[in-house]
Amino acid sequence: MNLNSILLTIIGRIDGERTIYAGLHLLRGKRSGQTLQDVEYYGLKEFFGIVPKLTAERFDEAAKQLSDWGFISTMDDSFVKLTEQGRVEAGKLPPYRFNGWDYRGREMIFFGRLSLAVQTVSNFKAGEKSFMPAQKDRDIQSFVKMLVHNQPISDPLFAKDIGEELRLCITRSEMDERQKIIITHRLSGFGLTGWTWDQLADNLKLNAFDIRLLFIETLHMMLAVIIPSTDLPFLRKITESVKVSTYLTDSSVKTKQLFDRGFSLDEIVTARNLKKSTIEDHFVEMSINDEEFPLTQFVSAEDAEAVAGKVKEIGTRRLRLLKSEFEMLSYFQLRLILGARTGGGN
C-alpha cells in the first residue's frame, strides 16, 4: 500500500466526475461542502482525513506517476478518470481498512494514550516511577493519569492482563506481519524507546510515508476491534471519545440547532450573518447525515424520486447534467436530493 494505490482507488470511484484535487481535499479531510458531499456520493468515507498534512507536492508526484504509467487520464473539463489499464490495475488492489470518517485524526489520540499507558505500566512493573514520558501532550498525560489512578500498576498481573488484551486485539484485527511490527515497535517501555519512522522504514524496506499510512490503517483496524468489544476493558477505556460523536461540522451543528427551533433558511442566514451558499452547504450536510432530515420541506417527494431514478439511469451525479434534465429544480434542491438519497436522509 502507498499513496499511489490509494489515489488510484479514489479516482476509480469518482471516475470522470471530479478533478484530481478532489482526492487531495479528501485525504486532507477538508470540511467543505463539496468534499463532504463527495465522501458520501462516491463511497469514500474510509479515506477522509487519513493524511491531514499531505503536501500538494507529494500528492502531485503521485498523480504524475499514475499518469506517466498510463493509469489515469485528464478529460477536456479537467476531470480525471481511469484508463483501461488503470481499471485493470485498480482491480488488483486489496481492500483497505481505513475508517477516516469515524476517527478524523483522533486515532492518534488513541495511540498517544496507549503508548503512555503501556510505558507507565511497564516502568512501574519494573519498579521505576520516574521516567521521561513518551507523550508530551498534557491532555494525553492527564487522561492516562486518571486511567491508572487506583489501579495496581506495579502488579505484574495487571501488566500481564494489559498485554493479553493487546495480544487479543492484534490477533482479532487480522493485521499483517508488517503492521504488527509497526505497532509494537512504536511503543515504548522500561528501557525501550519506540522506533522512529526511519528505523521502521529501514527495517521493512519501505519509505517512511508508506509506513505512516500502514500505521494509520493499523490503528483503525485496532479501533474496529476494541470499540465494540466486551472483553477488552482497559483498551476500551483508552478509546473514550476517539470516535466522532457527530458527522456534522461545528458550524453545521449551529445551523441545525436554529433549524430545529423553526428558523427558515433565510432567517438562519440573517441570524448567523453568513452567506446563503454557506448555509445551503450546511443543509446539504444535514441531508447526508441526518436520517430524519425533512427533505419534502424543500422539494416534492415526486421530484426527489424522479431525480434519484435519473441518477440510477444515467449513472452519474454530475449536477450540470441533472440540472439540464430538471430545469425547474435549483442546484440547491438537487444537492439536497443527492445528499438525502446517498446519505442517511429520507
Side-chain angles (χ1 to χ4, degrees), residues 97 103 105-227 229-243:
R97 295 178 65 184
Y103 305 127
R106 296 183 65 81
E107 68 277 344
M108 297 309 298
I109 295 176
F110 162 72
F111 180 75
R113 293 169 177 175
L114 175 66
S115 173
L116 186 54
V118 167
Q119 182 189 26
T120 300
V121 172
S122 173
N123 275 276
F124 270 70
K125 176 189 171 186
E128 181 58 70
K129 297 183 179 181
S130 178
F131 56 91
M132 185 67 69
Q135 301 295 324
K136 308 302 182 185
D137 186 282
R138 292 297 179 87
D139 289 337
I140 288 176
Q141 290 181 1
S142 296
F143 182 94
V144 173
K145 284 180 181 178
M146 291 294 294
L147 179 68
V148 300
H149 183 64
N150 289 333
Q151 296 288 340
I153 57 176
S154 298
D155 187 343
L157 290 177
F158 183 71
K160 182 180 179 182
D161 288 342
I162 294 175
E164 179 61 15
E165 285 191 31
L166 272 171
R167 187 192 67 78
L168 286 173
C169 174
I170 289 172
T171 300
R172 291 173 185 171
S173 70
E174 298 181 343
M175 63 180 72
D176 64 30
E177 290 304 314
R178 296 176 306 172
Q179 292 173 311
K180 291 177 183 178
I181 291 172
I182 292 169
I183 193 65
T184 55
H185 285 67
R186 283 294 292 169
L187 295 172
S188 299
F190 175 69
L192 297 171
T193 302
W195 282 19
T196 66
W197 300 116
D198 287 338
Q199 286 175 315
L200 285 166
D202 184 62
N203 179 270
L204 296 173
K205 307 307 178 187
L206 295 170
N207 70 57
F209 186 83
D210 292 346
I211 293 288
R212 288 174 183 255
L213 287 174
L214 279 167
F215 178 64
I216 296 299
E217 186 184 43
T218 303
L219 295 178
H220 290 183
M221 292 163 69
M222 293 176 71
L223 287 164
V225 168
I226 297 167
I227 290 176
S229 70
T230 56
D231 59 347
L232 304 173
F234 188 81
L235 293 180
R236 277 199 70 186
K237 291 177 183 176
I238 293 177
T239 67
E240 180 183 312
S241 301
V242 168
K243 187 175 180 180

Ionic contact status for Asp210 with Arg178, cut-off 4.0 Å: no

I want to check something: taking the side chain as every heavy atom from C-beta on, are [X] and [Y] in contact at a cut-off of under 4.5 Å?
X: Ser115; Y: Arg113; result: no
X: His185; Y: Asn203; result: no
X: Leu200; Y: Arg186; result: yes
X: Gln151; Y: Phe234; result: no
X: Thr184; Y: Ile170; result: yes
X: Leu114; Y: Leu166; result: yes
X: Glu217; Y: Leu214; result: yes

Atom NZ of Lys136 with >12 non-hydrogen neighbours under 6.0 angstrom: yes

Heavy-atom pair of closest approach, residues Ile211 and Ala201: CG1-CA, 3.9 Å

Mutual orientation of the aromatic rings belonging to His220 and Tyr103 [parallel < 30°, tilted 30-60°, perpendicular > 60°]: tilted

Check: Phe111 ring centroid to Phe215 ring centroid under 6.0 Å: yes

Donor-acceptor contact below 3.5 Å, side chain [X] vs main chain [Y]:
X: Arg106; Y: Ser241; result: yes
X: Thr196; Y: Gln199; result: yes
X: Asn123; Y: Gln119; result: yes
X: Ser122; Y: Phe190; result: yes

